[in-house]
Amino acid sequence: MIKRSYGFRLLPLLTGIILPRHNVNAQVVTAHTVLAMPTSSVRFDDTVERSDGYWAGLELELRAGLFTLTGSGTRGELTPTVNPLLDRNVGELRLAGRYDVLSWLGAEARYVVRASSSLTGHQRWEFYSLGARVLRDLGAPGLSGSAALAYSPTVRVSGLEDPRYAVSADAGIAFAPERSPLTVRLSYRIERFRFPSTTARSEQFEALTLAVGLRARRQHGRWALGGAP
């Protein structure tokens, strides 16, 4: 399992380096409780092994001007539908940074590490992704949507031949009333890993995620609950 979260320790330092000083009074911090329903599918030739389960965790997001930094950690289980006794305990750490090039388009970089343990041993997945996110105001007050597509040129997997590459996509809808601290987000993501043709193997990971949280805004050097002054 994931023993040390170096990314979270570096997050405050990276924030101070990356975010411009003039954005200090435009910072919004959001803390979410996360509940996810993941599904993992492994295909060997014509045989598909499917596992699903429930994960829970926390997410922290810092937005300042055009920059958004996000870190999340979740833990739970993945249980095979064929043999429930071979369930896996899984932990996942995700770090992401986004720069909004336009009001509706952002460039993203992500780091994901996912580790599991079961009766058959331990396994660790680690990969970086580069992609773009489309942001959209859905018209109703506080209601917005987004969709992203990313590419991972390098994926590291312990105990297996590394995949050649991975592609991932996600889409979500969020409700965050302007003057309320409450935020709610429902999202769906999918990751597709392509292995060398000699292995006759492919893997897919999906997750439907509900995040509920509170946000605070820094205004004139002081923090207050809510998204707008």
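Rounded to the nearest 0.5 angstrom, Leu210 CG and Arg185 CZ are separated by 9.0 Å. Expressed to the nearest 0.5 Å, how far CD of Glu77 lies from CG of Asp52 amounts to 11.5 Å. For the atom pair CG of Leu225 and CG of Leu214, the computed distance is 6.5 Å after rounding to the nearest 0.5 Å. In this structure, Asp100 CG and Glu108 CD are separated by 9.0 Å, a value rounded to the nearest 0.5 Å. A distance of 11.0 Å separates OG of Ser116 from CG of Asp87, quoted to the nearest 0.5 Å. The distance from the CD atom of Glu61 to the OG1 atom of Thr68 is 5.5 Å, given to the nearest 0.5 Å.
A perpendicular orientation is assigned to the rings of Trp125 and Phe195, their planes being inclined by more than 60° (bins at 30° and 60°).
Residues Val112 and Glu92 meet the side-chain proximity criterion, which asks for heavy atoms closer than 4.5 Å. Proximity of Thr39 to Arg50: side-chain heavy atoms (C-beta onward) are separated by under 4.5 Å at one or more points. The side-chain heavy atoms of Trp223 and Gln27, taken from C-beta on, include a pair separated by under 4.5 Å. Between His32 and Val184 the shortest side-chain heavy-atom distance does not fall below 4.5 Å. Within the 4.5 Å cutoff, no side-chain heavy atoms of Leu135 are placed close to those of Leu105. With a 4.5 Å cut-off on side-chain heavy atoms, Pro163 and Glu203 do not count as touching. Contact check for Tyr111 versus Glu126: side-chain heavy atoms found under the 4.5 Å cut-off. Taking 4.5 Å as the limit, every side-chain heavy atom of Arg217 sits out of range of all side-chain heavy atoms of Arg63.
Shortest non-hydrogen contact noted between Ala109 and Leu130 is CB-CD2, 3.8 Å. For Ala166 against Val155, the heavy-atom pair with the smallest separation is CB-CG2, 3.9 Å. Across all their heavy atoms, Leu182 and Pro177 have their closest contact at O-CD, 3.5 Å. Listed here is the closest heavy atom pair of Thr209 and Ala36: OG1-CB, 3.7 Å. In plain terms, the two heavy atoms of Arg110 and Ala148 that are nearest each other are NH2-CB, 3.5 Å. Of all the heavy atoms in Ser117 and His122, the pair that sits closest is CB-ND1, 3.3 Å.
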Go through it in stages, so that I can follow the logic: the residues are Arg194 and Arg201, the test is side-chain contact (heavy atoms from CB on, under 4.5 Å), and I'd like the CA-CA distance, side-chain angles, deciding distance and then a yes or no.
CA-CA 8 Å; Arg194 195 64 164 178; Arg201 177 191 182 105; over 6 Å; no
Steps toward side-chain contact (heavy atoms from CB on, under 4.5 Å) verdict (Glu59, Thr70):
CA-CA 7 Å; Glu59 177 187 86; Thr70 306; 3.8 Å; yes
Go through the steps to decide whether Gln204 and Ile190 satisfy the test side-chain contact (heavy atoms from CB on, under 4.5 Å), and finish with yes or no.
CA-CA 7 Å; Gln204 182 171 290; Ile190 181 171; 3.6 Å; yes
Please lay out, stage by stage, how Arg124 and Val113 fare under the test side-chain contact (heavy atoms from CB on, under 4.5 Å).
CA-CA 7 Å; Arg124 177 186 172 96; Val113 56; 3.5 Å; yes
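Residues Tyr99 and Leu102 share a single hydrophobic cluster, defined by chaining ILVMFWY side chains whose heavy atoms lie under 4.5 Å apart. In the hydrophobic clustering of this structure, Leu93 groups with Tyr128; members are Ile, Leu, Val, Met, Phe, Trp, Tyr whose side-chain heavy atoms approach within less than 4.5 Å, directly or through other members. Residue Leu208 is grouped with residue Ile173 when hydrophobic side chains (ILVMFWY) are merged at heavy-atom distances under 4.5 angstrom, including chains of intermediate members. Using a 4.5 Å cut-off between side-chain heavy atoms of Ile, Leu, Val, Met, Phe, Trp and Tyr, with links allowed through other members, Phe67 and Val101 fall into the same hydrophobic cluster. One hydrophobic cluster, built from ILVMFWY side chains closer than 4.5 Å, cannot hold both Leu186 and Val34; they sit in different ones.
A salt bridge links Glu191 with Arg114: the closest approach of a Lys/Arg side-chain nitrogen to an acidic carboxylate oxygen falls below 4.0 angstrom. Arg192 has no carboxylate O lying under 4.0 Å from a charged side-chain N of Glu206, or vice versa, which leaves the two without a salt bridge. Ion pairing between Asp170 and Arg133 holds under the 4.0 Å rule for side-chain N and carboxylate O.
Put simply, the side chain of Trp55 never gets that close to the backbone of Leu35: no donor and acceptor are under 3.5 Å apart.
Among residue pairs with one or both ends in residues 147-157, those qualifying as side-chain hydrogen bond (donor to acceptor under 3.5 Å, both in side chains) are Ser129-Ser152, Arg156-Asp162; sequence neighbours excluded.
Shown here are the ring pair (Phe, Tyr, Trp, His ring centres under 6.0 Å) partners of Tyr54, two or more places apart in sequence or in another chain: there are none. Phe127 pairs by the ring pair (Phe, Tyr, Trp, His ring centres under 6.0 Å) definition with Phe193, not counting sequence neighbours.
By the neighbour-count criterion of 12 heavy atoms within 6.0 Å, atom CZ of Arg136 is sparsely surrounded, having that number or fewer from other residues, nucleotides or ligands.
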